[in-house]
Structure formats: structure tokens, C-alpha cells
Amino acid sequence: MAAESYDPRAIERKWQQVWAGERTWEVSNEDDGRPKSYVLEMLPYPSGEPHIGHLKVYSVGDAIAHFKRRNGHRVLHPLGYDAFGLPAENHAIKTGQHPRESTEASIAEFRRQFHDWGISIDWSRELGTHEPAYYRWTQWLFLRLYEQGLAYRRDAAVNWCPDDATVLANEQVVDGRCERCGAVVEPRQLEQWFFKITDYADRLLEDLDTVDWPQNVVTMQRNWIGRSEGAEVTFRCDDLGTDYPVFTTRPDTLFGATFFVLAPEHPDVLRLSDSQEVRDYIRRALTESAEERGAEDREKTGVPLGRTVTNPVNGEQIPMYVADYVLMEYGTGAIMAVPAHDERDFEFAQRHGIEIRRVIEGGDELPYAGDGPMTASGRFDGIRNREGFDRIVEWLESDDKGRPAVNYRLRDWLLSRQRYWGCPIPIVHCDACGLVPVPDEQLPVVLPDVEDYAPKGRSPLAAAEDWLHVDCPSCGGAARRETDTMDTFVDSSWYFMRYCDAGNDRAPWDREALDGWMPVDQYIGGVEHAILHLMYARFFCKAFADIGLLDAQEPFARLFTQGMVTRDGAKMSKSKGNVVSPRAIVDEKGADAARCYILYVGHPAEGGDWNDKGVDGIARFLARLWRAAADAADGTEPSEAPAGEPTAVLRKAHWAIDKVTRDLGERFATHTAIAAVIELVNEITKHRDELLATPEGSSQLRFATATAASLIFPFAPHLGSEAYELLTGRRVWEEPWPRADESLLGADTAEIVVQLNGKLVDRFQASVDSTDAELERRARASERLADRLDGREIVKAIVVPGKLVNLVGR
RNA sequence: GCCCGGGUAGCCGAAUUGGUCCAGGCAGCGCGCUUAAAACGCGUGGUCCGCAAGGACGAUGCGGGUUCGAAUCCCGUCCCGGGCACCA
């Protein structure tokens with residue numbers, strides 16, 4: 001028997017050297033007839049060193065990549081770094097260290113650990129989004145979108161983070177606070193760069209039906225896009241001679257509109273009334289943060305404007321108000337208020353003594369938001385409101401007072417940032433020519449070095465005088481560069497395309513190469529990117545497809561979101577001091593144990609609870625497998641096929657093949673797949689001595705052990721390779737995925753359970769092709785049944801072939 | 001408030017289409033090896049009786065229901081997690 005013991009570090013280093021030396025995981029763009037499979041984990045943001053979430057996402061992805069390869073696929077499995085961004089810049093502000101230095105140090109650490117983990121990456125395609133060779137093409141793509149009118153500059157009310165001193169995208173504001181630093185966001189009126197993602201709202205919504213994504217992510221995207229169907233209805237203010245269109249989802253309640261409200265930001269408010277009361281109200285509303293304004297139990301404040309508008313359906317004059325519960329960003333910044341059928345309008349009307357008029361019947365009390373027959377609605381009385389909806393819109397349309405309309409919650413993507421560590425926007429400002437794109441051949445606009453990174457409300461780049469002043473590419477006159485940089489989400493919205501042709505220095509990619517790989521077949525990452533990153537990447541994909549840069553309409557055909565790893569039931573955080581460092585675990589117990597354990601604690605889509613003792617259990621299992629392989633290699637002769645009558649161990653091996661194949665291939669159930677291999681190894685250990693006693697038994701033992709190595713390989717690639725080579729002399733990753741022998745899966749006989757009224761009373765063995773009648777006869781003949789029957793009579797029998805016979809006694 | 005998930009052993013978790021079997025791991029307990037400990041191996045691992053074979057009784061948040069049979073389906077209810085939240 002083997003004297004030495006399992007030494008994961010030696011084994012892991014050995015195989016990592018083989019894979020690096022032979023560039024095993026590099027893949028060509030040439031179609032070789034095998035089906036392609038693009039397996040991708042979300043790229044890491046390199047800050048500090050990898051944490052346990054990284055270990056998990058790459059462990060899941062690597063298992064899938066290996067599984068696909070061994071099932072005959074040509075697999076693209078690349079990796080890069082999302083390297084621009086605020087943390088590196090904030091670090092620079094504190095320490096003076098250039099963000100490039102801290103970022104690249106972190107990248108080196110990530111790279112080192114990914115190698116230590118033995119992840120099967122095609123390193124020839126590695127990239128960092130901060131490299132000029134990459135962001136040159138980010139800029140190039142920006143210019144293509146600019147040409148299409150999909151990137152534009154506009155003066156708008158934007159979210160300003162006072163701590164980070166930059167604007168934020170709508171998506172980066174959470175509960176009125178900066179997603180990154182938590183500071184309360186302020187509204188500001190600024191000229192900023194936007195991507196016109198709203199042009200794609202409908203397609204982004206519809207195409208969710210074409211992807212295989214988790215239901216909750218699809219729902220989150222749908223909600224975020226927030227499509228509402230309704231009508232635009234015009235209310236006329238005769239005093240000013242102005243028409244005010246409003247958006248409503250309830251044109252059927254128009255007869256119940258008893259007042260009209262403008263948002264405080266609405267440009268007409270002061271024209272309508274410049275009373276002191278109105279001025280004060282607006283000033284207060286505009287200085288309030290989104291958080292204060294959106295507070296849950298906030299009272300519905302507002303002041304009257306002393307004017308009226310005409311309700312187009314009945315000619316009534318209804319009073320106008322300004323109130324901060326109306327948002328300027330949605331619809332037209334003005335609403336018709338129907339207090340009887342809208343909770344907010346109801347609250348406001350109650351507070352301000354405005355008439356509440358029911359126009360839909362139903363519900364016990366007001367406000368009532370449900371359906372019902374219309375009432376107090378003139379000639380529409382008695383009509384079901386759903387039908388009334390259409391008829392009122394038709395009527396308004398014929399009178400030119402309204403039309404059907406659709407509104408979205410989705411806003412355009414604000415992409416400019418007044419920060420240093422990002423991709424420069426390739427635009428020149430010329431007094432004579434206006435905005436001038438930097439010509440393609442002058443790209444990249446290289447990010448210059450600066451001394452002072454501290455945010456001052458304008459980009460630090462404005463201080464780089466040499467860089468800032470350029471000749472206008474159009475007229476040659478004096479001009480200045482755009483000093484804002486791009487949101488890092490721009491960088492990460494197309495990196496998966498660059499991987500397909502990462503070395504290309506003539507274009508972001510060659511179309512043929514891209515179409516050969518896209519879309520990503522399996523994308524893996526955290527659910528925290530359900531809205532931002534995934535929405536932006538989908539938008540880019542569609543916009544580029546429209547320009548003719550690729551075929552795919554959707555970037556990610558399948559999405560898998562992994563759950564968060566906790567420790568002893570609590571979130572890991574530095575402040576709690578319960579953070580598990582992947583490096584420490586890998587150094588101590590080996591990468592295979594760390595990877596297996598994290599895939600074993602539970603289904604990877606669920607959260608898993610990290611337990612140090614649990615890793616030891618997995619490490620013990622791996623050591624048992626290693627020993628089993630060493631013993632089998634010592635005690636048996638290599639043979640091509642297992643010989644002799646199938647033993648329990650051989651059957652177990654085929655059972656495990658079937659189990660792992662289905663668990664991994666169909667439902668990513670890595671935890672039960674690994675449990676199946678554990679069961680197989682336990683079975684091998686148990687029967688080892690008796691099997692070694694005969695040549696046939698030995699051949700089966702060797703086969704079963706090699707099978708265990710083969711099956712554990714996607715999760716523990718080093719040990720899998722080592723053990724498999726020991727037993728077969730071959731490389732496991734070059735072997736096709738094993739196939740279970742169907743004839744060994746099911747036995748000829750099955751254990752049939754005898755139940756009395758659903759309770760188990762006996763079991764017997766029966767041939768799998770026994771008839772129902774025969775099974776029933778044998779069940780009825782059971783002695784134990786007779787004991788339990790206790791005078792009752794069997795009135796009915798339910799036979800489930802191959803499983804059970806349930807006898808109903810009364 | 002609305003929309004999704006989820007509550008099974010001391011802990012993490014199996015049970016894939018309504019069908020016996022709470023798989024696997026951890027902790028615990030017992031034994032072996034050892035001067036001892038660690039490591040490792042073996043056994044046990046819902047409760048109770050039993051030296052054992054075996055037997056008895058249980059369990060899926062709580063309360064009902066459907067069914068020959070429910071962790072699984074239906075109704076109600078509680079708790080936990082996540083998302084959205086003045087979007088007219």
C-alpha cells in the first residue's frame with residue numbers, strides 16, 4: 001500500500017505547470033466542426049485580492065467549462081479585469097500611488113491566485129479595461145454610437161454625489177444614496193453625456209423572452225424598464241393659452257379628475273404663479289434630496305397655483321397645484337389627479353379639501369384602484385372600465401385631445417463622470433465647430449498622468465494642460481478635449497466581445513471571429529448585476545448589431561446567478577472579522593478542497609454557509625480518493641475494461657456517472673454531484689479488500705476508482721488528473737465524459753414496498769417486468785401484512801410498478 | 001405596501017414527475033492505532049426498547065383541506081431572505 005500521503009500542494013503545482021507549459025486551455029477561433037461553447041464568468045474588479053465570492057463564481061464556471069469540453073465542445077473560457085473605477089482612484093487620493101500601479105498590483109495578485117486555483121482559462125485572451133489597447137476600442141465604439149445619435153450631450157437634472165464629486169447614473173442611486181459611498185445624492189442641473197438606451201426599451205423588454213435566465217432577474221429587468229401603457233391627454237389652461245399634456249394609465253377615470261398637479265421642477269410653475277408661497281415651496285422642494293423627498297410615510301404637501309385647466313372630457317375647470325409627489329422625470333412632469341381611484345391623489349385631496357368623485361364602481365371604500373363599471377362618466381356610464389379605457393382614448397383622439405401612449409421608467413444612461421481613473425471620452429470641444437469626434441486614426445485618446453486626483457467637481461483631467469489643449473480635428477483651430485471620463489460600466493458592457501478577438505489591433509474585433517463565438521452560451525455571476533451590467537451589455541449588443549458589427553441580438557443566452565457565501569450564518573464582512581480568505585484556504589488545504597467545498601455546501605444558486613470544519617471533511621474525502629487510487633494502482637493491473645460479474649462497486653460507478661452527468665449538465669447541482677462521487681469513493685473504500693482478491697474484482701475496482709477521478713475532475717481538476725493518470729496513464733481532460741452503462745443502472749429486480757394505508761409494512765424483491773396483478777398478489781400474501789391487518793379487509797390496491805403496492809384496509 | 005424566493009436533524013443540506021428510503025458532509029458519541037495527543041481508520045449518527053437480530057413511534061414553520069398515499073398540490077396564517085417602492 002502507498003506509503004506517502006496526499007499532498008495537494010505538490011499535485012496542484014505539478015498540473016498547473018503542465019497546463020501553463022502546454023497552454024492546454026487556449027482555443028483557436030477556427031471552426032473545427034465541434035459545437036462551440038462560450039462559458040464566461042463576470043470579469044472581476046481587481047481591488048486588493050480575490051474574496052470567497054470570486055472563488056465560487058470561477059469554481060462554478062470552470063466546472064461547466066470542463067464538462068462542456070469533455071462533452072465534445074470547443075470551449076472559449078477567457079478572463080480579464082474591470083480595471084478602471086473609483087476604488088483605485090480613492091486609494092490614489094489617500095496614498096498618492098498612481099491608480100495604475102495599485103490596480104496592476106491587484107491584477108497580478110488576482111492572476112496569481114487564479115493560477116493557484118487551477119482555473120482553466122485561455123490566458124492568451126487576457127485583458128484589462130484600463131489598457132490603451134483595450135480602451136482604444138471602447139472609444140471607437142463610443143464614436144460609432146455617437147454617429148448613430150445614441151451617444152449625446154444634454155443639459156439635465158442629474159444625480160450628484162457630493163462625496164465622490166461626480167454625477168451618477170440613475171441605476172447607481174439606491175434609496176436616494178450613492179451606491180458606492182452611501183452619501184445622500186443631490187439633484188443638479190448639468191450638461192452631461194448620455195447613451196440613448198430608452199430607444200431600445202421595447203426591444204430590451206421583448207427579447208427577455210428569448211433568453212434562458214433566472215426568473216427573478218428577468219422580472220427585475222422588466223420592472224426596471226417599467227413599461228406602462230396608457231394615454232397622453234391634453235388639459236388646456238385658458239389663462240395662459242397653454243396646453244398641458246399628461247400621461248395617464250387610467251384614461252377610464254378621466255371624469256373623476258378633480259385637480260391637476262405640476263412637479264416643482266416644471267418650467268411653467270412660476271409663469272402660472274409667482275406668489276411667495278409658491279416660490280418658497282419650490283425652493284424647499286428643489287433643495288431636498290431624493291431620499292427625503294421619497295420618504296415612505298411623507299405627507300402629501302403642495303400649494304395651489306390659483307389657476308385652472310379644462311378637463312377635456314367634461315369641460316370642467318379644475319384647480320392647479322404644485323406638489324413634490326409629482327416627478328419631473330416621468331411622463332410630462334404634470335398629472336391629472338383622480339383622488340377616488342389613486343391612493344396618492346386621494347391623500348392629497350383629503351389634505352387639501354378637494355372633491356373626491358367616484359367614477360368606477362366597486363370596492364368597499366375609496367380610493368379604489370380595481371375594475372368595475374363606470375359611473376358619473378356621462379355617456380360611458382355602465383360600461384366596464386377596461387372597455388371604457390379604449391373608448392375614451394378613441395374619443396379623445398378624434399377630438400385631438402389625446403392619443404394612446406406608452407411610458408417607461410427606464411431613463412437614458414448617464415455615462416460621463418468627473419473623475420480621473422476612467423476611459424477618456426474621445427470628443428473635442430471647439431468654439432467654432434462645437435462637439436468634434438476625435439478621428440479613429442488618432443485613437444486612443446490616452447489617459448494622461450496627473451498629480452492631483454482629488455475630485456473638485458470637475459474632472460481632474462482639466463488640470464492636464466498639455467493634454468487638454470488640442471487643435472480642432474475639423475477646423476484646426478484651438479480647442480479643448482472633453483475632460484469627463486466614462487462610467488466603468490461602459491468598459492464592462494463589451495469586454496465579452498473583445499475576448500473573441502482579443503489581439504486585434506485593426507478593429508475591436510473581426511466580425512467573423514465574433515459571430516463564431518457570440519452569444520455567450522453560459523454567463524455566470526452575481527445577482528447584484530441583475531439590472532445595471534446586464535441591461536447595459538444587452539443595450540450595447542443590440543446597438544452594435546444594428547450598426548452591423550455582429551449578429552447576436554442578445555449577448556448572454558443563458559445566465560446563472562450564484563448565491564452569496566455566508567459564514568456561520570452571517571454575511572462576511574471585514575467589520576465582523578469573519579472573512580474567509582481564499583488564499584489562506586488554498587495554501588492550507590489545497591485548491592481542490594476549497595473549490596469542491598464551495599460547490600458542495602449547497603446548490604450554487606443558493607447562498608452557502610462556509611464552515612471551516614466542513615472544508616476538512618472535503619479534504620478528507622479527496623485524500624481518501626487519492627489513497628484509493630494509489631492502492632488500486634499498486635494492487636491491480638491496468639486493463640481496458642472491467643471484467644467479470646458486475647459487483648456493487650461497478651454498479652455504483654455507473655450510478656455515479658449517471659448522477660453527476662444529469663446534476664451538472666441539467667441543473668448545475670454541483671452539491672449533489674459531488675455527494676455522488678463521495679458515495680462512490682465510500683463504496684470503493686468499503687469493498688477494496690474483497691475486490692483486490694480476484695482479477696475480475698481488481699479490474700472493477702480500478703475502473704470504479706478511475707471513474708471517481710474522472711467525475712471529480714470538473715470540481716477538483718488537479719486531483720482528478722493525478723488519480724486518473726495513475727490508474728490509466730492518460731490525461732483525464734483529453735478523455736470524453738464517461739457514459740453510464742444503462743444495463744448496469746437498473747437492476748433486474750426491484751425492491752417493492754408493501755404499504756397498508758400508505759404506511760410501510762413489508763418489502764420484497766420482484767422482477768422489474770412483473771405484472772401489476774402479480775405484484776398485488778405477492779403483496780397480499782405478505783405475512784407482515786397479515787399481522788398488521790388486524791381483522792381489516794383489503795378493499796383496494798394501488799400498484800406503482802417497480803416501486804410499491806399500497807393496500808387499503810378498512 | 002407590492003412582487004419573487006425559502007422554512008426538513010444540533011448545523012449545512014438530499015428527496016429531479018404526489019409514491020418506500022432525511023442522501024452526502026459537519027458537529028457529537030463509541031472503538032482501533034498511539035506512551036499520549038494530533039492525524040488517520042472503523043462503527044454509530046431522529047427518538048425510544050434491545051447485547052443483537054429486530055421492533056415501536058416520529059419529523060418537513062403553524063392550522064385546515066384534497067388523495068389510497070403530501071416536504072411536494074389547494075386555502076389560510078406566521079417567520080426569514082431578496083427585489084421594487086410617490087413611475088401617475
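Being a predicted model, the structure only gives us computed values, none of them experimental. Any value given below was found using the heavy atoms of this structure, including those in side chains, with hydrogens, waters and symmetry copies removed. Just so it is clear: chains get the letters A, B, ... in the order the sequence lines come, proteins before strands, and each one is counted from 1.
Here, B:rC26 and B:rC79 have their C1' atoms 26 Å apart, quoted to the whole Å. Comparing B:rC21 with B:rC33, their C1' atoms sit 35 Å apart, to the nearest whole Å. Remark: the separation of the P atoms in B:rC29 and B:rU16 is 34 Å, to the nearest Å. Across the C1' atoms, B:rG61 and B:rA56 are found 27 Å apart, a figure rounded to whole Å. With P as the reference atom, B:rC62 and B:rC78 are 15 Å apart, rounded to whole Å. Nucleotides B:rU72 and B:rA14, compared at atom C1', are 14 Å apart to the nearest Å. When the C1' atom is used for both B:rU77 and B:rA27, the distance is 34 Å, rounded to whole Å. For the C1' atom pair drawn from B:rG41 and B:rG46, the interatomic distance equals 27 Å after rounding to whole Å.
For A:Ser228, a side-chain nitrogen or oxygen approaches OP1 or OP2 of B:rA88 to under 4.0 Å. Listed pair A:Arg222 / B:rC3 fails the phosphate criterion, with no side-chain N or O lying under 4.0 Å from OP1 or OP2.
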> What is the per-nucleotide protein-contact pattern of nucleotides 10-20 of chain B, from the 5' end, where B denotes a base atom under 4.0 Å from a protein heavy atom, S denotes such proximity for sugar-phosphate atoms only, and - denotes neither?
Replying inline: --SSSSB--BB
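Rounded to whole angstrom, the span from the CD atom of A:Gln215 across to the C1' atom of B:rG83 amounts to 13 Å. Between the OH atom of A:Tyr6 and the P atom of B:rA39 there is a distance of 18 Å, given to the nearest Å. The separation between A:Arg627 atom CZ and B:rA39 atom P is 14 Å, rounded to whole Å. If you take CG of A:Asn311 and P of B:rA88, they are 19 Å apart, rounded to a whole angstrom. Atom CG in A:Leu622 sits roughly 16 Å away from atom C1' in B:rC40 (whole-Å rounding). The CZ atom of A:Phe389 sits 11 Å away from the P atom of B:rA88 (whole-angstrom rounding). We find that CG of A:Asp631 is positioned 12 Å from P of B:rG41, with the value rounded to whole Å. Distance, A:Glu329 CD to B:rC86 C1': 11 Å, rounded to whole Å.
Checking B:rU34 for Watson-Crick or G-U wobble geometry (two distances, each under 3.5 Å) identifies no partner in any strand. Using Watson-Crick or G-U wobble geometry with both donor-acceptor distances under 3.5 Å, B:rU47 finds its partner in B:rA56. The base-pairing partner of B:rU66, taking Watson-Crick or G-U wobble contacts with both distances under 3.5 Å, does not exist among the strands shown. Of the nucleotides present, B:rC80 is the one that pairs with B:rG5 by Watson-Crick or G-U wobble criteria, both distances under 3.5 Å.
Nucleic acid contact class of A:Gly226 (heavy atoms, under 4.0 Å, all strands): none. In this structure, A:Val326 reaches the bases: a heavy-atom distance under 4.0 Å links it to at least one base atom across the strands shown.
With distances taken from any side-chain atom of A:Arg620 to the nucleotides B:rC26, B:rA23, B:rC86, the minimum falls on B:rC26. Taking the side chain of A:Met220 as heavy atoms from C-beta on, and the options B:rC26, B:rG24, B:rG83, the nearest nucleotide is B:rG83. Side-chain atoms of A:Trp224 lie closest to B:rA85 of the nucleotides B:rC40, B:rA85, B:rC42. For A:Asn682, taking side-chain heavy atoms from C-beta onward, the closest of the listed nucleotides B:rA88, B:rG25, B:rC42 is B:rG25.
The main-chain N or O of A:Phe255 is found under 3.5 Å from a side-chain atom of A:Arg357 such that the two form a donor-acceptor pair.
Of the two residues contacting RNA chain B, namely A:Val527 and A:Ala675, the nearest-nucleotide position lying further toward the 5' end is that of A:Ala675. Residue order along RNA chain B, read from the 5' end via each residue's closest nucleotide, puts A:Asn216 first among A:Asn216 and A:Leu327.
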>> For a side chain to side chain donor-acceptor pair (under 3.5 Å) check, start with the C-alpha distance between A:Tyr325 and A:Asp345, then their side-chain angles and the critical distance, and finish with the verdict.
In response: CA-CA 9 Å; A:Tyr325 78 94; A:Asp345 297 345; 2.8 Å; yes
>> If you apply the rule salt bridge (charged side-chain N to carboxylate O under 4.0 Å, His left out), what do you find for A:Arg627 with A:Asp634, and how did you get there?
In response: CA-CA 10 Å; A:Arg627 204 167 307 112; A:Asp634 276 0; over 6 Å; no
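Inter-residue side-chain proximity for A:Tyr244 and A:His266 is flagged as met; some heavy-atom pair is nearer than 4.5 Å.
Ring planes of A:Tyr330 and A:Phe247: perpendicular class, angle over 60° (limits at 30 and 60°). Ring planes of A:Trp413 and A:Tyr536: parallel class, angle under 30° (limits at 30 and 60°).
Heavy-atom contacts from other residues, nucleotides or ligands closer than 6.0 Å to CD of A:Glu666 number more than 12.
A ring-ring contact (aromatic ring centres under 6.0 Å, His included) with A:Tyr321 is found for one member of A:Phe348, A:Tyr281, A:Phe260 and no other, namely A:Phe348. Between A:Pro251 and the options A:Val393, A:Asp390, A:Val313, a side chain to side chain contact (heavy atoms under 4.5 Å, CB included) holds for only A:Val393.
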